[in-house]
Amino acid sequence: MDEEKLEQLVHEADRVVPRPTPKEFFRKQPHKSLENISDYERLYKESIENPDGFFGKMAHKFLSWDRDFDKVSWGSFEQGDVAWFLGGKLNACYNCVDRHAFAHPDKPAIIFEADDEKESRILTFKDLLQQVCQVAELLASWGIKKGDIVAIYLPMTPEALIAMLACVRIGALHSCIFAGFSAGSIKERVFDAHSKVVITCDEGKRGGKITHAKQILNEALKECPEVEKVLVYKRTGNPKVEMVEGRDFWWQKECEQFRGYFPPVPVDSEDPLFILYTSGSTGTPKGVVHCTAGYLLGAAMTTRYVFDLQPEDTLFTAGDVGWITGHTYSLYGPLVLGVPTIVFEGTPAYPDMGRFWKIVEKYKATHFYVAPTALRMLKKSGEAEIDKYDLSSLRTLGSVGEPIASEIWKWYDEKIGHGCCHIADTYWQTESGSHLIAPLAGAVPTKPGAATLPFFGIDAVIIDPQTGKVLEGNDVEGVLAVRSPWPSMARTVYQCHQRFLNAYLRPYPGFYFTGDGAGRDHDGYYWIKGRVDDVVNVSGHRLSTGEIEAVLLESKKVSESAVVGIGDDLTGQAVIAAVQLKDSHLVHDAETMIALRKELRLLVRKVIGPFAAPKSIIIVDDLPKTRSGKIIRRILRKVCSGEAKSIGDTSTMANPHVIVNLVSEVEQQF
Ligand code: WTA
């Protein structure tokens, strides 16, 4: 972010007076979890001063236990051995399904809005229990047991949620792989987790188009010898979809054999619930491990207190189960509270730009949760569609995944919420499991663009990155960290605890390091500035620049590559790649260059996924480097952001002359 913009932001923060939750919000649903800021302050204080007392109480309030826990918390950031609710036993599927099915069998659990509206359907808690049990028993009959990791490569359909719940019912872990990932990324994840079973569908439907899940998976599995069985949900029924005899089985056909009740397996609080791969600064994706009780409690508490989700509400999280938002706020958060969750298969632009709003009206959704990238798109080209729909059911509007600019926040508030909703900008991460900083509905006044105040139990601190010292008081800026463990935090990286320690607990000993820069304004409100490492956030998808660089190097024509993220009006950040060729003569042939750019973009699409493809590829004969030969990405970022004039000191560069060439390449490309 340039100095001027930052300055503007700080001024804005100074001027804005926090807005209390609108009165209309209370009128729509008088029974509230929290009534005002003193409720928040009192509970927050208690959660920090006496975390064991506070979370012990909450764990009894929100979860059903097979055996009560003996000790609320254990371990420390110094030791890296954090654990919660020790000795307790429970089952996450029982908590999300059975207990609600017993109390309200006919209450909707999953409201499925299909890409083609006509294929939509509703599953009650009773239906959900039956279908989850069938898959659970099938998996058990295939030998899947406690601790095994089942890979799930499914688009946003009820079956994705059913498959996840079926795994946890028998104590197995799910490892969801985002449906937009290509064969290379699937292979990497299935391989790393030693998954013996993968669950997928024949084809998917999205935005009026067919996606080829099974075909892509087939390619990935060529290099995954450990996979013994594949369960395939028949979504489109295309007879051309290739099934491998003895390995692949149809979901519907197999499940028919089972009656629809299979007992849940109680597991220990600290038994892992799932792994989810995410990008870090370096190397291959990390399999972040979440454990059962702490994660589930974080999901329940944040969904209740940040969103104020009540039993009679309906939550529409427009995310994907392939990412953490889909895990916590499409599945676990709403279902553990027994609240219907809307699962949407399609895109906001199909069949027209009014799709989200049509869904809100159709199901009278009370809560809507989405990434700012979708809001930016809808503000730009979907305004005409909004007024056609009745959005008066809405009470809470959430934002997630990237900073929300104040003008988008205001637009969301006025145009979608009609000034009557609580706007929750929720800051969190795959590793945090649930919200870290977010305004609690009804209690914490909001400021457009600010994530506001930390959630219960989150002792947020701002650290000076140079000195490593905690910056006390308000009006400070630095990197964001957390001082003490919270229940839903990730416990480790799958089979690589050192990576976990290095990424999160060692950079600032005694603290959990988020990887984000942040400021705390004069009211004590937090403003998230974005990543301070090599993670790029494109439309809320988290990508590692190192991973994309490695893929570009797979091309025989490329000798060096550097990838940076730059600001983009629509996607938040965009991926820009600069490559140096092995044969520098090629650079002079314009047509070859056009073809090469296309080829490299395709390579990234193929290996990682379409969403990772660089927006622009700059071909240069040399990259900016230090004298020791390290690529200086900062310079590339500056030039690509049109800020070549403010590059600053280049005295440490080995080849300052490359800047001129870089600038001219960028000017031609952008
Ligand atoms: C960014 C997504 C600003 C941040 C839930 C974080 C945000 C990364 C916000 C995690 C927000 C998420 N404001 N930035 N409200 N929410 N981020 O793991 O950089 O996919 O570290 O989890 O997204 O991305 P992840």
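Atoms within each ligand, like the ligands themselves, are counted from 1 in listed order.
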Does the plane of the ring in F456 sit parallel, tilted or perpendicular to the ring in Y305? Use 30° and 60° as the thresholds. perpendicular
Parallel, tilted or perpendicular, as decided by the 30° and 60° cut-offs, for the rings of F178 and H541: tilted
Determine the interplanar angle of the Y40 and Y44 rings, folded into 0 to 90°, and report it as parallel if under 30°, tilted if 30 to 60°, perpendicular if over 60°. parallel
re atom 24 (O) of ligand 1, the protein heavy-atom contact at minimum distance is R542 CD, 3.5 Å
Give a yes/no on ligand 1: does G401 have at least one heavy atom closer than 4.0 angstrom to it? yes
Which ligand 1 atoms are under 4.0 Å away from a heavy-atom of I528? 3 (C), 14 (N)
Within 4.0 Å of some non-hydrogen atom of D425, the atoms of ligand 1 are 11 (C), 15 (N)
Of the choices V400, D516, T325, L276, which has the non-hydrogen atom that lies closest to atom 6 (C) of ligand 1? D516
Residue, atom name and distance, where the atom is the protein heavy atom closest to atom 25 (P) of ligand 1: T430 OG1, 3.5 Å
Closest non-hydrogen protein atom to atom 3 (C) of ligand 1, residue and atom name please, with distance? P403 N, 3.1 Å
Using a plain distance cutoff, I'd like to know if T426 has any nitrogen or oxygen under 3.5 Å from a nitrogen or oxygen of ligand 1. yes
CG-CG distance between N537 and D516, expressed to the nearest 0.5 angstrom: 9.0 Å
Option set W428, W323, Y427, Y526, criterion heavy-atom distance to atom 5 (C) of ligand 1, minimum: W428
What class does the angle between the rings of Y332 and H174 fall in, given that below 30° is parallel, 30 to 60° is tilted and above 60° is perpendicular? parallel
All salt bridge (Lys or Arg N to Asp or Glu O under 4.0 Å) counterparts of E113, not counting sequence neighbours: R355, K362
Give the numbers and elements of all ligand 1 atoms closer than 4.0 Å to a heavy atom of N537. 1 (C), 23 (O)
Tell me the closest heavy-atom pair linking L296 and C96, and the distance in Å. CD1-SG, 4.3 Å
Please compare H327, E402, R531, Q429 and report which has the shortest non-hydrogen distance to atom 13 (N) of ligand 1. E402
Hey, are the side chains of V360 and F356 touching, using non-hydrogen atoms and a 4.5 Å cut-off? no
